[in-house]
Undergrad: 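Have a look at this one before I ask anything.
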Amino acid sequence: MPDELPTRYNPADFEQRLYQFWEKGQFFTPLVDRDRPKFSIVIPPPNVTGRLHIGHALVNTLQDILVRWKRMSGFNTLWLPGTDHAGIATQMVVDRELAKQGISRFDLGREKFVEKVWEWKESYGNQIVDQLKRLGASADWTRSRFTLDEGLSHAVRHVFVRLYEEGLIYRALAMVNWCPFCRTAISDIEVEFREQNSKIYEIDYPLADSDRRLTVATTRPETMLGDTALAVHPDDERYRELIGREAVLPIAERRLRIVGDPILVDREFGTGVVKVTPSHDKNDYEAGQRNNLPQLQVIDETGRMTEAAGHDFAGLDRFDARRKVLDRLREMGLLRSTKDYVHSVGFHERCDTIIEPMISRQWFVRIEPLARPAIDAVRSDAVRITPQSWEATYFNWMENIYDWTISRQLWWGHRIPAYYCANGHTIVREQEPAACPDCGSTTITQETDVLDTWFSSALWPFSTMGWPENTLDYQIFYPTDVLITGYDILFFWVARMIMMGLHFTGRAPFSAVFLHGLVRDEFGQKMSKVKGNVIDPLDIVGEYGADALRFTLAIFSVGREIPLAKSRIQGYAAFANKMWNASRFALMHIDTELKSAKGINRDELRTVERWILSRLNSTTRDVNKALSAFRFDEASNALYHFFWHEFCDWYIEMAKPVLLGRHGTEADTRQSKRVLLEVLDRSLRLLHPFMPFITEEIWQKLGGVEPSIMVAPYPIAEDVLEDREAERLVSAVKAIATVVRNVRAERGFAPKDRFKLHIHTEQPRDANFFTEYAYLLKELARLTELVVNGEPPAGAVHDVVEGFAISIELPEKVVTPEQIERTQREIEKCRKELTSLEAKLANAQFIQNAPRPVVEQAQARHAELRARIEKLMQNQ
RNA sequence: AGGCCCUUAGCUCAGUUGGCUAGAGCGCCACCUUGACACGGUGGAGGUCAGCGGUUCGAGCCCGCUAGGGCCUACCA
């Protein structure tokens with residue numbers, strides 16, 4: 001029996017098989033067709049060194065949901081994948097590999113090392129791609145790109161040269177953030193400031209020409225060896241007359257000018273005297289420029305003290321030097337105090353090394369001219385950021401942006417296309433020149449620095465499409481439609497893509513940005529190996545299936561933090577199991593003849609069938625609407641609720657009597673089966689973007705026309721399916737059944753005990769409905785009999801439900817104190833609401849100002865409450 | 001220091017232009033092995049929507065203040 005499903009949902013049985021089926025079927029590859037509406041997105045390229053973590057799972061699940069939705073909705077859809085060469089990260093990984101063999105990259109030399117990295121990339125770089133496939137990512141792998149491949153490298157050189165020619169890239173000596181561990185400059189946003197418990201030291205600097213001493217405070221005493229001045233505030237009466245005189249730098253015994261600098265010095269802070277180290281502090285550097293101070297580099301690029309720090313210190317690590325300086329000062333009696341101090345210290349986010357501000361020659365992007373159009377693009381809604389609150393952060397950063405340090409002293413990356421001739425001329429060209437255009441020299445060397453990884457990432461949306469060539473892909477799929485990523489790389493990546501896209505293609509690279517939250521553990525803690533709270537998505541896929549993980553991520557995708565607990569994933573695996581079993585049930589009753597002749601005649605449908613189709617229709621509308629607004633949570637919630645709590649809990653139960661032939665005609669049974677199939681089919685298609693595997697597995701057994709559910713049309717809402725009347729009546733049936741069950745449970749009757757129920761209605765149509773569907777209520781509420789508009793005995797339990805007065809005849813009168821109290825409470829609640837409603841309705845302004853439907857609703861509610869109170873009173 | 005955000009059931013969170021009789025999932029309690037499913041079914045308990053004040057016929061939602069928490073940017077001799 002090929003059509004039967006195993007009793008238990010076991011995703012491992014089919015997920016990988018289905019993925020291979022999709023790949024083989026080439027369903028992920030769009031057509032090269034410019035006449036069809038397209039939808040395109042590019043993946044945030046994971047690092048080649050990456051192993052799939054839960055953040056990847058989230059961002060790629062969300063992209064896949066959109067892509068599958070759009071593809072099924074008829075768009076020519078491209079999801080372009082790829083990986084990032086990740087300069088520092090990858091270099092570090094290979095460094096570590098080499099270290100295991102006892103060699104360093106310096107032993108190999110640049111060329112050999114880069115070869116090694118490529119080798120590493122060829123063997124391990126595809127790991128993350130295979131892992132994405134486990135999640136069900138429907139990216140077009142045939143178009144996969146790598147930031148360091150030939151095409152992208154060409155784009156990088158092209159952009160570099162143009163920016164240089166436009167004066168937007170320059171090389172300069174400047175104070176940059178230096179990582180002594182990675183031995184490279186890094187940009188400002190790669191520095192992570194952290195509060196540290198540290199010490200602040202007060203040190204006495206004697207004046208050169210008197211006994212007076214000036215006390216300065218510092219957290220970094222080792223840098224004093226590089227001091228070239230002291231600064232005071234020019235308006236500070238305590239020190240004003242000292243400006244222009246000299247102090248003596250302890251230990252080094254060097255003369256220091258005392259300068260007045262209102263920008264550097266805050267009179268209120270500390271002693272009001274500041275030591276100035278222009279070579280190792282950003283503010284001091286600037287003060288040095290203003291006051292024309294000499295620079296003295298005392299720390300080198302490895303974090304050790306230089307010769308300039310003095311013979312006693314040269315070669316010492318900066319932190320050892322700190323201790324030694326303090327010892328000296330103590331001996332000299334110049335260390336006035338040591339106090340605990342909390343301040344923030346900059347760390348390199350990649351390697352956790354404390355950043356050393358350092359003057360060096362680097363390449364920069366003059367960013368302000370690029371930022372302006374990028375600000376306008378967001379302001380004018382050419383690019384819409386969701387959630388919108390991030391726009392403020394974006395503007396704040398973009399409006400106060402400073403030049404971007406793009407050179408890195410690494411070996412792995414895009415080597416900067418600048419060349420220097422023997423006579424010191426600089427040539428910036430896409431290809432190495434044969435001779436210097438200025439002097440004809442043929443002795444030419446290429447710049448050794450490489451570019452910041454984010455430089456190539458900034459070009460990703462168009463470089464991956466073949467730009468700067470005017471390729472068909474570029475013409476058809478650029479600009480992309482939406483970019484999905486985490487808010488943590490808004491500045492690193494998103495802002496820079498907008499800037500580069502606008503500058504080089506004249507268009508924003510995407511019209512929408514969706515920033516998802518960051519995944520945390522169930523207690524809101526960051527996941528980290530140290531804490532041991534890491535959830536490995538591949539473990540989850542193995543345990544619960546990719547679909548359960550995807551559904552969980554979708555439902556929690558909104559908000560800044562996504563607390564992920566296994567119990568939640570388990571919950572959605574249970575949902576998958578529910579789908580599985582509901583489908584099993586349906587398949588048991590759907591015969592082959594039905595599968596080939598799908599479709600239903602709406603005019604012949606009974607109320608219950610019209611009801612479920614109406615509910616499905618409004619779910620369809622909600623899901624499409626939610627997805628358009630990136631409300632993955634609303635979409636998945638709507639589907640979860642519909643499928644489980646409307647389709648399974650109610651419709652299937654309501655359909656059973658007719659479906660199983662216990663009630664109605666054969667024609668009714670056939671219709672019922674048709675509707676069951678129709679609703680299941682549509683539900684599966686609606687759910688497919690969220691849970692691609694299980695929906696495909698089941699759908700394959702439903703006998704569709706298309707080869708795969710992933711290319712079957714996505715349902716759209718149809719007004720004809722909406723049926724308010726059916727919704728009203730079935731809603732009443734549900735509510736009445738619930739009340740009867742409630743009374744049964746509350747009064748201690750057994751589930752199998754059956755009662756006689758009376759329903760009263762003035763509407764002949766409603767009376768006919770209940771008469772016709774008496775069998776249904778008898779089944780759902782377990783009744784012996786349903787009487788419409790009869791004479792209920794006084795001793796019955798009365799209530800009013802959705803406008804219908806009902807009375808339940810119990811076999812014996814059971815009155816417990818709890819029960820009386822409960823009725824009492826219910827009446828109280830109604831009365832309270834009634835009182836406030838009456839006040840509302842008595843208020844002329846409410847009647848006047850509130851919209852008509854609101855007033856009508858209040859009036860209807862008022863009537864119902866009164867009737868209900870009256871009936872409930874009879875139960876006493 | 002500037003900016004953004006959060007505070008709703010035991011836990012984690014929805015609640016879109018003010019109309020709510022405030023929802024969901026998980027957890028909890030009671031009952032039920034009914035022929036799709038115990039990864040199930042039925043019923044239930046649980047909230048002065050952080051506090052105070054204002055606008056409004058009407059505030060969880062808008063405005064102001066207070067308290068607590070988080071994040072981003074800048075800086076900290």
Side-chain angles (χ1 to χ4, degrees), chain A residues 5 7-9 188-189 193 200-202 216-220 231 264-266 269-277 281-284 341-345 387 389-393 395-397 400 487-488 490-491 518 522-524 544 548 552 555-556 558-565 567-568 570-589 626 629 631 633-634 637 640-641 648-649 652-653 660 737-738 741-746 748 750-752 822 829-830 832-833 836-837 839-840 843-851 853-855 857-858 861 865:
Chain A
L5 293 165
T7 32
R8 202 153 237 257
Y9 161 65
D188 298 84
I189 51 177
F193 283 93
I200 190 164
Y201 308 93
E202 284 189 323
V216 304
T218 181
T219 53
R220 301 199 57 195
L264 181 67
V265 183
D266 172 3
F269 191 95
T271 58
V273 187
V274 183
K275 63 190 271 304
V276 188
T277 320
D281 181 281
K282 199 176 159 205
N283 292 312
D284 291 8
Y341 191 65
V342 178
H343 67 141
S344 50
V345 178
S389 56
W390 283 105
E391 287 186 359
T393 308
F395 291 135
N396 187 40
W397 190 70
N400 300 293
Y487 64 77
D488 53 329
L490 178 60
F491 305 141
L518 301 185
E522 58 195 299
F523 307 107
Y544 303 105
T552 311
I555 237 164
F556 289 104
V558 166
R560 268 203 180 200
E561 287 178 13
I562 301 167
L564 193 66
S567 61
R568 289 158 198 283
Q570 226 164 352
Y572 295 110
F575 175 58
N577 188 59
K578 189 74 182 176
M579 285 168 63
W580 188 261
N581 279 294
S583 304
R584 278 184 61 224
F585 173 79
L587 284 167
M588 285 174 192
H589 301 287
R631 290 304 303 257
D633 59 327
E634 283 183 359
N637 252 322
Y640 178 94
H641 182 261
C648 292
D649 288 354
I652 289 182
E653 294 309 317
L660 305 176
T738 303
R741 289 165 178 173
N742 174 338
V743 166
R744 177 181 289 111
E746 289 295 321
K752 61 179 186 300
R822 217 185 111 76
K829 227 180 96 183
C830 289
K832 236 175 110 181
E833 200 191 324
S836 79
L837 256 184
K840 203 182 226 182
N843 186 335
Q845 280 176 300
F846 171 72
I847 305 293
Q848 216 170 62
N849 297 332
V854 172
V855 176
Q857 199 188 315
R861 178 76 186 155
L865 280 171

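Letters A, B, ... mirror the listed sequences (proteins, then strands); counts begin at 1.
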Undergrad: Which part of the nucleic acid, if any, lies within reach of A:F575 when heavy atoms closer than 4.0 Å are counted: base, sugar-phosphate only, or nothing?
TA: nothing
Undergrad: Compare the minimum distances between each of B:rG40, B:rG15, B:rG25 and the side chain of A:R631, then state the nucleotide with the smallest one.
TA: B:rG15
Undergrad: What distance, rounded to whole Å, do you find between the two P atoms, one in B:rG60 and one in B:rA50?
TA: 10 Å
Undergrad: Under the side chain to side chain contact (heavy atoms under 4.5 Å, CB included) criterion, do A:F269 and A:V274 qualify, and how do the steps go?
TA: CA-CA 10 Å; A:F269 191 95; A:V274 183; over 6 Å; no
Undergrad: Classify the nucleic acid contact of A:P851 as base, sugar-phosphate or nothing, counting any heavy atom under 4.0 Å across all strands shown.
TA: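 Base contact.
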Undergrad: Sticking with atom P, work out how far B:rC11 lies from B:rU55, rounded to a whole angstrom.
TA: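 So the two P atoms sit 35 Å from each other.
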Undergrad: Need one value for A:D649: base, sugar-phosphate or nothing, where a base atom within 4.0 Å counts as base even if backbone is also close, heavy atoms only.
TA: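 Sugar-phosphate contact only - A:D649 comes under 4.0 Å of backbone atoms but never of a base.
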Undergrad: When the P atoms of B:rC4 and B:rG43 are compared, how many Å lie between them, rounded to an integer?
TA: 47 Å
Undergrad: Sub-3.5 Å donor-acceptor pair from the side chain of A:N742 to the main-chain atoms of A:T738, do we have one?
TA: no
Undergrad: Please give the nucleotide sitting opposite B:rC62 as a Watson-Crick or G-U wobble pair, both distances under 3.5 Å, or none.
TA: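 Base partner found: B:rG54.
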Undergrad: When you get a sec, tell me which of B:rA36, B:rA24, B:rC57 is the closest nucleotide to the side chain of A:M588?
TA: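 Side chain of A:M588 sits closest to B:rA36.
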Undergrad: As a test of reading the structure: which of B:rC39, B:rC32, B:rC26 is closest to the side chain of A:S567, going by heavy atoms?
TA: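 The closest nucleotide is B:rC26.
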Undergrad: Look at all strands and tell whether A:I555 reaches a base, only sugar-phosphate, or nothing, counting heavy atoms closer than 4.0 Å.
TA: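 Nothing: the residue A:I555, judged by heavy atoms under 4.0 Å, touches no strand.
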Undergrad: Tell me, do A:I189 and A:W397 make a side-chain contact under 4.5 Å, heavy atoms counted?
TA: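 Counting from C-beta outward, A:I189 and A:W397 do come under 4.5 Å.
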Undergrad: So what does A:K282 touch, heavy atoms closer than 4.0 Å: a base, only the sugar-phosphate, or nothing?
TA: sugar-phosphate
Undergrad: Please state the P separation for the pair B:rA22 and B:rG47 - nearest whole angstrom.
TA: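 To the nearest whole Å, 13 Å.
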Undergrad: Flag the pair A:Y572 / A:Y640 as yes when at least one side-chain heavy-atom distance between them is below 4.5 Å, and no otherwise.
TA: yes
Undergrad: Is A:K275 touching bases, backbone alone, or none of the nucleic acid, heavy atoms closer than 4.0 Å?
TA: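 No contact.
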Undergrad: Under 4.0 Å: is that the gap between some side-chain N or O of A:T738 and OP1 or OP2 of B:rG43?
TA: yes
Undergrad: Atom CD of A:E833 and atom P of B:rU21: how far apart are they, to the nearest Å?
TA: 7 Å
Undergrad: With a 4.0 Å cutoff (strictly under), does any side-chain N or O of A:R744 reach OP1 or OP2 of B:rC31?
TA: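 Negative; the distance criterion is not met.
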Undergrad: So, does A:R741 get its side chain near the phosphate of B:rA30, meaning an N or O under 4.0 Å from OP1 or OP2?
TA: no
Undergrad: I want to verify a distance call: between B:rC20, B:rG35, B:rG40, whose nearest atom is closest to the A:K578 side chain?
TA: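 Minimum distance to the A:K578 side chain belongs to B:rG40.
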Undergrad: Once rounded to the nearest 0.5 Å, what's the spacing between atom CZ of A:R584 and atom CH2 of A:W580?
TA: 9.5 Å
Undergrad: Check every atom of B:rA14, B:rG35, B:rC39 against the side chain of A:A574 and return the nucleotide holding the closest atom.
TA: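 Comparing B:rA14, B:rG35, B:rC39 against the side chain of A:A574, the answer is B:rC39.
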Undergrad: Rounding to a whole Å, what distance do you find between A:H589:NE2 and B:rA36:C1'?
TA: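 A:H589 atom NE2 is separated from B:rA36 atom C1' by 8 Å.
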Undergrad: Atom NE2 of A:H641 and atom CD of A:E634: how far apart are they, to the nearest 0.5 Å?
TA: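 Here the rounded value is 14.0 Å.
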Undergrad: Which residue lies toward the 5' end of RNA chain B, A:Y640 or A:V854, if each is placed at its nearest nucleotide?
TA: A:V854
Undergrad: Base, sugar-phosphate alone, or nothing: which one does A:A745 contact when heavy atoms must sit under 4.0 Å apart?
TA: sugar-phosphate
Undergrad: Could you tell me which nucleotide pairs with B:rC26 by Watson-Crick or G-U wobble geometry, both distances under 3.5 Å, or answer none if nothing does?
TA: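 Paired with B:rC26, as far as the under-3.5 Å criterion goes, is B:rG10.
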Undergrad: Just by distance, do the side chain of A:N581 and the backbone of A:N577 share a donor-acceptor pair under 3.5 Å?
TA: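 Here the side-chain-to-backbone pair exists.
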Undergrad: Taking the nucleotide of RNA chain B with the closest heavy atom to each, which residue, A:E746 or A:A392, is nearer the 5' end?
TA: A:A392
Undergrad: Please measure how far the C1' atom in B:rG35 lies from the corresponding atom in B:rC28, and state the result in whole Å.
TA: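 The answer is 31 Å between these two C1' atoms.
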Undergrad: May I have the distance from A:W390 (atom CH2) to B:rG70 (atom C1'), rounded to whole angstrom?
TA: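 About 11 Å, once rounded to whole Å.
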Undergrad: Under the side chain to side chain contact (heavy atoms under 4.5 Å, CB included) criterion, do A:R744 and A:R741 qualify, and how do the steps go?
TA: CA-CA 5 Å; A:R744 177 181 289 111; A:R741 289 165 178 173; 4.3 Å; yes
Undergrad: How many Å lie between CG on A:N577 and P on B:rG41, as a whole number?
TA: 10 Å
Undergrad: Nearest to the side chain of A:A850, which nucleotide is it out of B:rC31, B:rC57, B:rA45?
TA: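 Out of B:rC31, B:rC57, B:rA45, the nucleotide with an atom closest to A:A850's side chain is B:rC57.
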Undergrad: Please report the distance, rounded to the nearest Å, between CZ in A:F585 and C1' in B:rG40.
TA: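 After rounding, the reported distance stands at 15 Å.
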Undergrad: Base, sugar-phosphate or nothing for A:E653? Non-hydrogen atoms, less than 4.0 Å.
TA: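 Base contact.
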Undergrad: Rounded to the nearest angstrom, tell me the gap between atom CG in A:D281 and atom C1' in B:rC75.
TA: 11 Å
Undergrad: What distance, rounded to whole Å, do you find between the two P atoms, one in B:rU56 and one in B:rU16?
TA: 23 Å
Undergrad: Can you tell me the Watson-Crick or wobble partner of B:rC4, both distances under 3.5 angstrom?
TA: B:rG70
Undergrad: At under 4.0 Å between heavy atoms, what does A:R861 touch on the DNA or RNA strands: base, sugar-phosphate, or nothing?
TA: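 Base contact - A:R861 has a heavy atom under 4.0 Å of at least one base atom.
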Undergrad: Return the CG to CZ distance between A:L837 and A:R861, rounded to the nearest 0.5 Å.
TA: 7.5 Å
Undergrad: Of all the choices, B:rG25, B:rA24, B:rC57, which nucleotide is nearest to the side chain of A:R568 once you look at every atom?
TA: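 Nucleotide nearest to A:R568's side chain: B:rG25.
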Undergrad: If the P atom of B:rG3 is compared with that of B:rC49, how far apart are they to the nearest Å?
TA: 30 Å
Undergrad: Using purine N1 to pyrimidine N3 plus N6-O4 or O6-N4 for Watson-Crick, or N1-O2 and O6-N3 for G-U wobble, both under 3.5 Å, which nucleotide pairs with B:rC31?
TA: B:rG41
Undergrad: For a quick test of reading the model: is some side-chain N or O of A:K752 closer than 4.0 Å to OP1 or OP2 of B:rC31?
TA: no
Undergrad: Which value, in whole Å, describes the distance between the C1' atoms of nucleotides B:rA1 and B:rG58?
TA: 41 Å
Undergrad: What is the distance from CZ of A:F846 to P of B:rU56, rounded to the nearest Å?
TA: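 After rounding, the reported distance stands at 17 Å.
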Undergrad: Could you tell me how far apart A:Y9 (OH) and B:rC39 (C1') are, to the nearest whole angstrom?
TA: 11 Å
Undergrad: Any side-chain N or O of A:N742 below 4.0 angstrom from OP1/OP2 of B:rG44?
TA: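 Yes, because at least one side-chain N or O of A:N742 sits under 4.0 Å from OP1 or OP2 of B:rG44.
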Undergrad: Name the nucleic acid region contacted by A:N849, choosing base, sugar-phosphate or nothing; use a 4.0 angstrom heavy-atom cut-off, strictly under.
TA: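 The residue A:N849 makes base contact.
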Undergrad: Describe the nucleic acid contact of A:T271 in one word from base, sugar-phosphate, nothing, applying a heavy-atom distance below 4.0 Å.
TA: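 The residue A:T271 makes no contact with any strand.
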